[in-house]
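Here is the structure we will look at, set down as structure tokens.
Values below: all heavy atoms of this structure, side chains included; hydrogens, waters and symmetry mates excluded. Everything quoted here is computed from the prediction, not taken from an experiment.
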Number of protein chains: 2
Amino acid sequence: MSTPGPRRTTIKDVAELAGVGVATVSRVLSGGSASAETRERVLDAATKLDYRPSALGRNLRQQRSGGVALLVPDITDGFYARLCDGVLSCARSYREPVTIGVTGDDAEQEADLVGGLLEQSMDRIIAVPTGDGEMWASAVRAGLNVVFADRRVWSPGQHARALDEVPAVLTDDRSGLRTAIEYLTGLGHRKIGFLARQGMSHRVAAFREAMGDLLDEDLVVFARASRDSAYAAAAGLFQRRADLTAVIAGGNMLGEAAVLAARELYVRIPRDLSLIMFDDVPWAELCSPPLTVIAQPASDVGYRAAELVLRHGRRPRTVSLPTELIVRSSCAPRR
Amino acid sequence: MSTPGPRRTTIKDVAELAGVGVATVSRVLSGGSASAETRERVLDAATKLDYRPSALGRNLRQQRSGGVALLVPDITDGFYARLCDGVLSCARSYREPVTIGVTGDDAEQEADLVGGLLEQSMDRIIAVPTGDGEMWASAVRAGLNVVFADRRVWSPGQHARALDEVPAVLTDDRSGLRTAIEYLTGLGHRKIGFLARQGMSHRVAAFREAMGDLLDEDLVVFARASRDSAYAAAAGLFQRRADLTAVIAGGNMLGEAAVLAARELYVRIPRDLSLIMFDDVPWAELCSPPLTVIAQPASDVGYRAAELVLRHGRRPRTVSLPTELIVRSSCAPRR
DNA sequence: AATGATGATGGAATCGTTTCCATGAGCACT
DNA sequence: AGTGCTCATGGAAACGATTCCATCATCATT
């Protein structure tokens, strides 16, 4: 059943046709030194035979498979989809294939995935990490070339060293949140809630910091990765605290849940509750009312991360990309 | 700079520790025959050394790299994101890595991507194809194991043979459209438009067929892959044909564009225009009014496609998954 | 003219696995 | 006891590239 087909043309065939040794062919094709005449003969032979070097042979020899791995919590989330798109688009210009894995924000799955990557001798990886500092530290010790995107791993104590070396491409949540909260307080809001998902500890920390004296710990709630959990968290918060007048959703799935929960509970936006959502997705504008958001350059995050991991230059420092508050109609003055 | 690190443990190390030959180790680990005692010794040694077979060596030997490739037009489109998710989730259970490429609905990029895959000796690929029958035919002739998802390639003449062999996992657009159109005509609509994107010829064909006598060729418009183009197409149609009373958007990006264009042009949905959108995305419910949609099991499409390409069983036939009309509030009787 | 330096070149080793084949042991049957 | 069979087993040959190293030619310098 399988194609017995004609053997694929190897470097040996090219060498034979060109009347040179395989070493010479390899050198010519990878830009080494060779006489002009030889170079031409080799190139001729290669095109004549339509020779494509086998990545397999190369990889084995060099003890590393090409390409980049990309680990995201959920590819279905518009933010991560755009991040992937950025990575993909940068990787294409380097002609590097991208292997994608979904962690589901679960440390165990993440470790599994990384294990599989190691087995494949993948040595470059872009990850939106999920917590386990131990695992990541051991991965970089194992020689893995890691770049974090969107968030970095919380480095508790001993791993700090290894992990602080890891470059990351982040969004400037801190300033985004500060702007958003200033905007809300400017509208008179004092009781401001935060809808988070596990793995958003950095964002929650930034929220706490930006809230300062206004912070009410009871108003920050966590959801698990699923849509249902997000809905439950939002609905729970809205019911529990009738004094809530504004809420910030830590991501687009949380924002979606907030809109849904509000509608279900007859909480009117923005009349009864002001809402700001992290991440500007296309539907934010279609929503009624159109949602005020903190826009993040998701695609750029991916692109830059890919650049960091693909460019062989010197170790670059972590970079933080700006966010922007886009005011639409989901916030109103406190009544 | 690079980690000189301790050499990774190879099959040879295991063989040595177990006091057997490498061939035996290989056999034991891949389920070949061996005496109980030897098996135990080998397994012991393997766990003691924490041995992980190198995918590189295996791949070179077997002349094929493991894993699956997945080609989608746009990973940013919620439908394809869910499709990817389905593929990923099936592939994980087989412990196979997935390499994703974005074609942008462009035949040239698609061909490029496939070329790269060939170079990597990837021999299994799931694709949402973009047109060029010639290319796909030659790919399957080259021994590539192809499964089409969401749509198949239009097989013109000579390639028909090779391409009809290729299994595909599709959604039952035909019946979805028939239901939708019956619903609309039931509401009294006669002038029904269709918003398509290039690459949706199958869906357009189904629309034409289902419309029968009602078909007005001037009411089906095509957009290119971008959001802007989708908007332009929708706005253009709405302005050009004031007699239009209902429209079906061929995908969620088209639907989004339709909602936006309608709002911009003060066309009220559903009062002035009824709208049905292909693909049920989370925001369809958040939209105002909530959109009536033709739901597609995107994730299942991906999952099934992955099953087809990963399961080594006998060649399966093309399968078509059911769609469902979900009535919300974006359609009203013709006034 | 002898020596050294430079540069192009090809043979062979190497990467880690799977798989072909030969070997030898154990056993049953004549 | 000899023959034939079935098994477990290990050595060695692939797979296709890169790269070390030795070889040789060419040319400049003393």
Seminar exercise, completed: Side-chain atoms of A/S54 come closest, of D/dG10, D/dG16, C/dT17, to D/dG16

For this session: Rounded to the nearest angstrom, tell me the gap between atom CG in B/N59 and atom P in C/dC15.
Result: 18 Å

Seminar exercise, completed: Of B/Q63 and B/G21, the one whose closest nucleotide on DNA chain D sits nearer the 5' end is B/G21

Problem set entry | Rounded interatomic separation in angstrom, taking CG from B/D13 and P from C/dT17 | 9 Å

Problem set entry | Nearest-Å distance for atom pair CZ/P, residues A/R61 and D/dA14 | 20 Å

Problem set entry | D/dT18 OP1/OP2 closer than 4.0 Å to side-chain N/O of A/S26 | yes

Seminar exercise, completed: Contacts of A/T10 and B/S35 projected onto DNA chain D by closest heavy atom; the upstream (5') one is B/S35

Exercise. Ion pair present between B/E16 and B/K12, side-chain N to carboxylate O less than 4.0 angstrom?
Worked result: no

Exercise. If you measure only the distance, is there a donor-acceptor pair under 3.5 Å linking the side chains of B/S299 and B/D85?
Worked result: no

For this session: Rounded off to whole Å, could you give me the CG-to-P distance for the A/L17 and C/dG10 pair?
Result: 14 Å

Exercise. Just how far, in rounded Å, is P of D/dC15 from CZ of B/R64?
Worked result: 17 Å

For this session: Could you tell me whether the phosphate oxygens of C/dT18, OP1 or OP2, come under 4.0 Å of any side-chain nitrogen or oxygen in B/R58?
Result: yes

Exercise. Phosphate oxygens OP1/OP2 of C/dA8: is one of them under 4.0 Å from a side-chain N or O of A/S33?
Worked result: yes

Exercise. What's the OH-C1' distance between A/Y51 and D/dT18, to the nearest Å?
Worked result: 10 Å

For this session: Round to the nearest Å and state the distance from A/L56 atom CG to C/dG16 atom P.
Result: 15 Å

Problem set entry | Separation between CD of B/Q63 and CZ of B/R58, rounded to the nearest 0.5 Å | 14.5 Å

Exercise. So, are B/R82 and B/D150 salt-bridged, with charged N and O less than 4.0 Å apart?
Worked result: no

Seminar exercise, completed: Ranking D/dA17, D/dC15, D/dC20 by distance to the side chain of B/L60, first place goes to D/dC15

Exercise. Going from CG on B/D300 to OG1 on B/T171, what distance comes out if it is rounded to the nearest 0.5 angstrom?
Worked result: 11.5 Å

For this session: Using a cut-off of strictly less than 4.0 Å, decide whether A/T24 has a side-chain nitrogen or oxygen near OP1 or OP2 of C/dA8.
Result: no

Exercise. Where the side chain of A/T38 is defined as all heavy atoms beyond and including C-beta, which of D/dA17, C/dA12, C/dA8 is the nearest nucleotide?
Worked result: C/dA8

